[in-house]
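One structure is given below, encoded as structure tokens.
Lettering of chains follows the sequences in order, A, B, ..., and the numbering in each one begins at 1. Quick note: numbers below take in every heavy atom, side chains included, and nothing from hydrogens, waters or symmetry partners. Quantities reported herein were computed from a predicted structural model and do not represent experimental measurements.
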2 protein chains.
Amino acid sequence: MRQTDYVILGLLSERPMTGYQIKRIVDLRFRFFWSESFGQLYPALRSLHAAGLIEETGADTKRSHAQRTYKIKQEGLAALQGWLARPVERESVRLEILMKLYFSHLTEAEVMAGQVRLFQEKHEQDLAMLRMADKELRSIVNDDPNHPYILQVVDCGLKVNEAYLKWSREALKFLESRGNK
Amino acid sequence: MRQTDYVILGLLSERPMTGYQIKRIVDLRFRFFWSESFGQLYPALRSLHAAGLIEETGADTKRSHAQRTYKIKQEGLAALQGWLARPVERESVRLEILMKLYFSHLTEAEVMAGQVRLFQEKHEQDLAMLRMADKELRSIVNDDPNHPYILQVVDCGLKVNEAYLKWSREALKFLESRGNK
DNA sequence: CGGCGCATGTAACTTGTTACATGATTCC
DNA sequence: GGAATCATGTAACAAGTTACATGCGCCG
């Protein structure tokens with residue numbers, strides 16, 4: 001069982017879904033701390049099905065590219081709960097921008113400023129999306145037992161992205177002052 | 001050329017080094033935003049050598065497990081500078097703790113609090129190391145043209161880890177209040 | 001009827017980790 | 001001479017991406 005398997009089980013614990021829907025949700029909601037590709041998702045769904053942790057609901061599973069909606073089974077939920085209780089194994093972060101910046105005395109400050117501006121734009125977008133999610137969730141926080149937990153996740157995103165943006169502004173100020181020399 | 005190749009070129013641009021020393025530096029200084037394993041490093045050193053971007057300095061390269069000290073060549077420096085100027089391609093973050101938290105209405109709040117405490121401890125360590133690096137660098141900021149840039153990198157680490165810790169405290173407060181119910 | 005969005009799937013490839021084997025050097 | 005640390009290397013595996021092929025259903 002890989003991390004991908006547990007992400008799938010988690011999302012299926014909310015409601016039955018297709019692989020495509022899972023991918024959409026990961027891209028939208030988990031964007032700032034996770035990613036999955038179809039190349040991981042579809043094989044993982046097959047193997048979870050083969051392992052009896054999820055089942056297919058609905059009709060025509062015969063056609064080759066028919067829509068497949070999966071539903072979590074008791075066994076799947078148990079596996080998910082086991083994972084939730086086990087300590088985190090892999091926390092991976094790779095920020096190419098920081099590696100570049102580390103060596104950027106070898107290049108023009110103005111070039112590096114361009115890199116930081118792109119970084120800043122990306123995280124401004126993330127922050128905007130997180131603020132929207134936060135606002136919406138707060139208005140329906142009591143509708144579902146998992147909403148308060150999701151708010152915590154969003155809050156981490158808010159804080160980290162605010163830190164990124166604050167840093168971007170300062171780094172840009174520094175690089176721009178260098179560029180003028 | 002992969003990301004690993006450029007990290008190696010970057011470190012060799014400071015001074016000649018062995019693969020082992022590169023690994024040590026990545027583990028210590030880049031810890032909070034990067035990682036490399038020996039399984040990547042040694043083959044990468046070979047291929048950079050074969051490509052003529054780095055050269056071996058020193059004597060006995062005949063023995064099988066002899067120490068190999070590599071030095072960057074002009075071509076290597078040019079390749080590195082090219083990479084620095086190209087836009088960032090891959091920015092990857094995977095925070096298992098947030099994925100777990102997202103689904104943690106399915107488990108005991110006290111269990112999840114344990115996960116957050118581990119996260120908190122890890123980032124307290126990172127922050128302590130970053131604060132030390134910051135202090136030391138500030139005292140010798142004019143000794144080397146790359147020090148001001150490295151300070152920027154450290155500053156990003158400081159801000160992000162402070163955000164993580166602030167979040168951890170709040171998330172713990174939330175989870176502990178849930179646990180008592 | 002053409003394009004778009006939904007949808008599934010896989011093969012080739014790249015990337016990264018782990019475990020292991022080996023050997024050199026230093027210091028007690 | 002034994003332990004720790006420095007040091008190199010690889011093979012097997014695991015994880016992840018990309019590019020491509022297929023096909024459905026809806027809307028204009």
Side-chain angles (χ1 to χ4, degrees), chain A residues 1-8 11-12 16-28 30-31 33-50 54 56-70 83 88-96 99, chain B residues 1-8 11-12 16-28 30-31 33-50 54 56-70 83 88-96 99:
Chain A
M1 298 281 286
R2 355 176 192 300
Q3 287 182 316
T4 300
D5 295 315
Y6 296 110
V7 176
I8 292 172
L11 288 175
L12 293 182
M17 268 185 248
T18 69
Y20 192 84
Q21 289 174 315
I22 291 172
K23 166 74 168 151
R24 254 221 285 45
I25 292 180
V26 171
D27 286 351
L28 276 175
F30 300 164
R31 185 183 179 354
F33 72 92
W34 204 270
S35 71
E36 295 289 351
S37 67
F38 285 124
Q40 285 168 274
L41 240 27
Y42 285 115
L45 280 166
R46 289 227 150 183
S47 83
L48 285 170
H49 187 220
I54 62 178
E56 266 186 81
T57 72
D60 45 336
T61 57
K62 277 95 197 168
R63 278 176 305 143
S64 68
H65 282 69
Q67 190 193 62
R68 287 163 191 278
T69 302
Y70 293 96
W83 179 70
V88 166
E89 305 137 17
R90 233 170 319 144
E91 203 82 289
S92 80
V93 173
R94 236 182 192 200
L95 297 177
E96 197 182 307
M99 190 58 84
Chain B
M1 297 280 287
R2 356 176 192 299
Q3 287 182 317
T4 300
D5 296 315
Y6 296 110
V7 176
I8 291 172
L11 288 174
L12 293 184
M17 268 185 247
T18 68
Y20 193 83
Q21 289 174 314
I22 291 171
K23 167 73 168 150
R24 254 218 288 46
I25 291 180
V26 170
D27 286 352
L28 275 173
F30 300 164
R31 183 184 179 359
F33 71 93
W34 204 271
S35 71
E36 295 289 350
S37 67
F38 284 124
Q40 286 168 272
L41 241 27
Y42 285 115
L45 280 166
R46 288 226 152 182
S47 83
L48 285 170
H49 188 219
I54 61 178
E56 266 186 82
T57 73
D60 45 336
T61 56
K62 278 95 199 169
R63 280 173 305 145
S64 68
H65 282 68
Q67 189 193 63
R68 287 163 191 278
T69 302
Y70 293 97
W83 179 70
V88 166
E89 305 137 15
R90 232 169 320 144
E91 202 84 288
S92 81
V93 173
R94 237 182 193 201
L95 298 177
E96 198 182 306
M99 190 59 83

| task | Give A/S37 one of three labels, base, sugar-phosphate or nothing, depending on what nucleic acid heavy atoms sit under 4.0 Å from its own. | result | base
| request: Look at all strands and tell whether B/G19 reaches a base, only sugar-phosphate, or nothing, counting heavy atoms closer than 4.0 Å. | output: sugar-phosphate
| message | So, taking the atom named CZ in B/F30 and the one named CD in B/E36, what distance separates them when rounded to the nearest 0.5 Å? | response | 9.5 Å
Closest to the [X] side chain: [options]?
X     : options                : value
A/R2  : C/dT10, C/dG16, D/dA15 : D/dA15
B/R90 : C/dT15, C/dT10, D/dC6  : C/dT15
A/Q21 : C/dA7, D/dA7, C/dT8    : C/dA7
A/R24 : C/dA7, C/dG16, D/dA7   : C/dA7

Are the side chains of [Y] and [X] in contact, using a 4.5 Å heavy-atom criterion?
X     : Y     : value
A/Y42 : A/R68 : no
B/Q40 : B/R2  : no
A/L48 : A/L12 : no

Indicate whether OP1 or OP2 belonging to [N] is found under 4.0 Å from a side-chain N or O atom of [X].
X     : N      : result
A/R68 : C/dG9  : yes
B/Q40 : C/dT17 : yes
B/R94 : D/dG16 : yes

| query | Using the C1' atoms of five pairs at each end, what's the angle between the two axes of the helix from C/dC1-D/dG28 to C/dC28-D/dG1, to 10 degrees? | reply | 20°
| said: Restricting to salt bridge (Lys or Arg N to Asp or Glu O under 4.0 Å), what partner residues turn up for A/R31, sequence neighbours left out? | reply: A/D126
